[in-house]
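Reading through the structure tokens given below for one structure.
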Amino acid sequence: MIWLLAACSGSGVDTSDDTDVVDDTDTPVVPMEETACDDQIDDDQDGAVDCNDSDCFDEELCSWPVAVGFQTDVHFDANFLAELGGYSDCDVVTTSTLQRDRNQSCAGCDRVYCGTFAYPTDTCPQDANVQRPTDGCFGFSFDASTSWTMYGTNPQTSAWELVGTLTGTGPLTLSGSAPLDYEGTEVGTLTTTFYASPN
């Protein structure tokens with residue numbers, strides 16, 4: 001009777017040597033398709049990662065650029081007071097190829113891009129105590145192919161702030177002008193134009 005009770009305990013079926021029974025507790029389940037298109041992981045193990053996988057071709061984020069060609073043109077239009085002080089019109093042009101930075105994010109941004117700056121044109125006088133920035137980051141929200149909202153960081157607070165909306169059919173542009181005040185005196189007009197295009 002004891003042997004009968006022992007045989008009836010558990011499932012009653014010994015599968016330890018049965019090759020037809022699969023123990024899937026140690027075998028990871030591979031999904032049939034890419035489950036996340038922005039995690040740098042080949043989820044379905046088909047050799048194509050994220051946006052390179054056909055499963056992701058229709059995802060909106062896969063239409064966003066990997067890099068952004070970026071340029072800033074700053075033009076100073078000196079008024080007569082500035083000219084009396086020995087200053088004249090001048091320009092500073094900054095160019096960069098901004099790369100996606102996965103370590104940074106900002107509220108309202110789809111992605112953040114960072115890069116180093118080159119200065120192909122720089123004819124404006126420079127304060128010896130203030131250096132031109134050598135690199136920087138910008139956040140973008142890709143509202144449409146012809147409309148990107150741009151964010152930048154405030155140099156004093158490091159907080160992300162809205163810069164404006166770049167528009168166009170390529171490159172997208174955003175331009176604005178404002179009086180330039182020097183020690184309480186208006187000395188001219190500063191016009192800044194941003195250009196951005198997908199790379």
Side-chain angles (χ1 to χ4, degrees), residues 38 60-61 63-199:
D38 199 27
E60 181 184 13
L61 65 86
S63 66
W64 299 339
V66 175
V68 172
F70 191 74
Q71 180 173 318
T72 304
D73 292 1
V74 179
H75 173 71
F76 173 61
D77 186 12
N79 65 16
F80 76 97
L81 289 176
E83 291 172 350
L84 285 175
Y87 296 96
S88 59
D89 296 354
C90 64
D91 297 276
V92 177
V93 176
T94 307
T95 61
S96 181
T97 298
L98 305 176
Q99 301 289 338
R100 167 89 187 276
D101 190 325
R102 293 176 181 271
N103 297 318
Q104 297 217 40
S105 62
C106 71
C109 302
D110 292 324
R111 288 181 174 175
V112 174
Y113 298 80
C114 301
T116 57
F117 298 151
Y119 291 87
T121 302
D122 189 348
T123 60
C124 291
Q126 185 173 346
D127 188 329
N129 298 318
V130 180
Q131 298 298 314
R132 301 270 195 256
T134 57
D135 55 24
C137 298
F138 294 91
F140 293 95
S141 174
F142 301 102
D143 312 309
S145 61
T146 58
S147 177
W148 297 1
T149 302
M150 185 172 76
Y151 299 80
T153 53
N154 183 311
Q156 278 77 42
T157 65
S158 298
W160 287 97
E161 296 181 355
L162 174 67
V163 176
T165 301
L166 296 94
T167 58
T169 56
L172 290 80
T173 61
L174 168 64
S175 187
S177 297
L180 181 63
D181 182 90
Y182 180 72
E183 295 182 352
T185 302
E186 186 178 320
V187 294
T189 303
L190 205 63
T191 301
T192 304
T193 305
F194 299 100
Y195 301 90
S197 55
N199 274 11

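Since the model is a prediction, treat every value here as computed from it, not as a measurement.
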Sorted by chain and number, sequence neighbours left out, side-chain hydrogen bond (donor to acceptor under 3.5 Å, both in side chains) with S145 holds for none
When rounded to the nearest 0.5 angstrom, what distance separates OG1 in T193 from CG in L166? 10.0 Å
I'd like to check the side-chain hydrogen bond (donor to acceptor under 3.5 Å, both in side chains) partners of D91; sequence neighbours left out, ordered by chain and number. H75
Residues V187, Y87; criterion side-chain contact (heavy atoms from CB on, under 4.5 Å); working and verdict: CA-CA 9 Å; V187 294; Y87 296 96; over 6 Å; no
Smallest heavy-atom separation, A78 atom then S88 atom, equals CB-C, 3.8 Å
Give, for atom OH of Y195 and atom OG1 of T72, the distance between the pair rounded to the nearest 0.5 Å. 10.0 Å
Check whether any side-chain N or O of D73 sits under 3.5 Å from a backbone N or O of V93 as a donor-acceptor pair, and report yes or no. no
Exceeds 12 heavy-atom contacts within 6.0 angstrom, atom CZ of F117: yes
Nearest atoms (heavy-atom pairs only) where G139 meets C106: CA-SG, 4.2 Å
Verify the ring-centre separation between F140 and W148: is it less than 6.0 angstrom? yes
For T189 versus S177, what's the shortest heavy-atom pair and its separation? CG2-CB, 4.0 Å
Would you find a donor on one side and an acceptor on the other, under 3.5 Å apart, between the side chain of N79 and the backbone of E186? yes
Nearest-0.5 Å distance that lies between atom CZ in R100 and atom CG in L98: 13.5 Å
Should the ring pair F138 and F70 be called parallel, tilted or perpendicular, given that the plane angle runs from 0 to 90° and is split at 30 and 60? tilted
Here's a test for you: under side chain to side chain contact (heavy atoms under 4.5 Å, CB included), which of S63, P198, P65 qualifies with F142? P65
What I'd like to find out is whether the side chain of D135 reaches to under 4.5 Å of the side chain of C114, using heavy atoms alone. no
Residue pair S147 / T167: nearest heavy atoms and the distance that separates them: OG-CG2, 4.3 Å
So, for V112 and C137, which heavy atoms are closest and what is the spacing to 0.1 Å? CG1-CB, 4.1 Å
Check: F76 and L180 side chains under 4.5 Å, non-hydrogen atoms: yes
Which residue pairs pass the side-chain hydrogen bond (donor to acceptor under 3.5 Å, both in side chains) test when at least one of the two sits in residues 110-123, sequence neighbours left out? D122-R132
